[in-house]
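Letters A, B, ... are given to chains in the order of the sequence lines, protein chains preceding strands, and every chain is numbered from 1.
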2 protein chains.
Amino acid sequence: MVADMISRSSGLALYLQVADAIRQKIISGEMAPGSLLPSEKYLAEEYDVGRDTIRDAMAYLRGEGLVESKRGYRSRVRANTSRERVWLHQGEVVWARMPTPQEKKDHGLGDGVPVLVVGDRTYPADRFEFGRE
Amino acid sequence: MVADMISRSSGLALYLQVADAIRQKIISGEMAPGSLLPSEKYLAEEYDVGRDTIRDAMAYLRGEGLVESKRGYRSRVRANTSRERVWLHQGEVVWARMPTPQEKKDHGLGDGVPVLVVGDRTYPADRFEFGRE
DNA sequence: CCCAATTTGTACGTATGTATA
DNA sequence: TTATACATACGTACAAATTGG
């Protein structure tokens, strides 16, 4: 029974404890990239918390870029994508921030995926990296 | 009255409409960087929605890195920080992702701030940028 | 230093909508 | 069509942090 790992008196918010537990399963590989998570209803019963608490935990993990959700289907562990390498030209500078809604739409980005900014162009951070030759 | 801008039949979720409205005020400068937002209670009345809807909108804006919240105090428009420039050495590669909880703690990062990764080191994306000389 | 008001955070509930299988 | 699952939106209550008197 996994619910033993959740403490209502630890001082740490329940949803963060749930997020920690699920994150650990993802990092350890117990939940493989691309695999489906249990339903929110199931998780709520497993950890003996309300569904809202599970939703908060999932939202937190989405923000970390660890899971992705879509309506009507169970959430999924985000698969690691390979990044295309782009060489920085002389004088170019790269930085990162979260995408605007328009950029999320344009690049088809889920939650928890930043963009890399070079000049006036943005690149999805899960598909690009920048290097110096 | 701003509530006119919120439509319950537009098909777009109310919290996204609220987020859009507040984001526009931030981008336009009507809400200056560093300034305090109205309380959630006030916003709920202003837009004539539940507090939960306002909270969802705020969480969305936090995820975008536009606002920051702390318990007991009103949310604040994130101030633009200046980024320290670091030169990439030959062969180095930089990419970005969301921080782990440990990295958030170590760097004192709020929501919606990615980290830049170079080798086995991470740099807060709101305080660093990488360039090629 | 303490107290009260304010504000956000957490957690529960219910109901309904919408996408997927 | 039906069942399942996540999304949205309302409500309530209390906890915890901050501010200011």
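- Under 3.5 Å, the side chain of Arg51(A) and the base of dA7(D) form at least one donor-acceptor pair of N or O atoms.
- For Gly112(A) against Met98(B), the heavy-atom pair with the smallest separation is O-CG, 3.3 Å.
- For the atom pair OH (Tyr60(B)) and CD1 (Ile22(B)), the distance works out to 13.5 Å, reported to the nearest 0.5 Å.
- Aromatic ring centres of Phe130(B) and Tyr123(B) lie closer together than 6.0 Å.
- Separating the OH atom of Tyr73(B) from the P atom of dT7(C) is a distance of 11 Å, rounded to the nearest angstrom.
- In this structure, the nucleotide among dG9(C), dA9(D), dT10(C) sitting nearest to the side chain of Thr53(B) is dA9(D).
- Salt bridge present: Glu129(B) and Arg85(B) bring a charged side-chain N and a carboxylate O closer than 4.0 Å.
- Spacing between atom NZ of Lys41(B) and atom C1' of dT12(D) amounts to 15 Å, rounded to whole angstrom units.
- Atom CG in Leu43(A) sits about 15 Å away from atom C1' in dT4(D), given to the nearest Å.
- Along DNA chain C, the nucleotide nearest Arg55(B) and the nucleotide nearest Gly50(A) are compared for position; the residue whose nucleotide lies closer to the 5' end is Arg55(B).
- The nucleotide whose nearest atom lies closest to any side-chain atom of Asp52(A) is, among dT10(C), dT8(D), dA11(C), dA11(C).
- Among the nucleotides dT7(C), dC10(D), dA11(C), the one closest to the side chain of Ser39(B) is dT7(C).
- Residue Arg8(B) is in sugar-phosphate contact alone, with no base atom involved, counting any heavy-atom pair closer than 4.0 Å across all strands shown.
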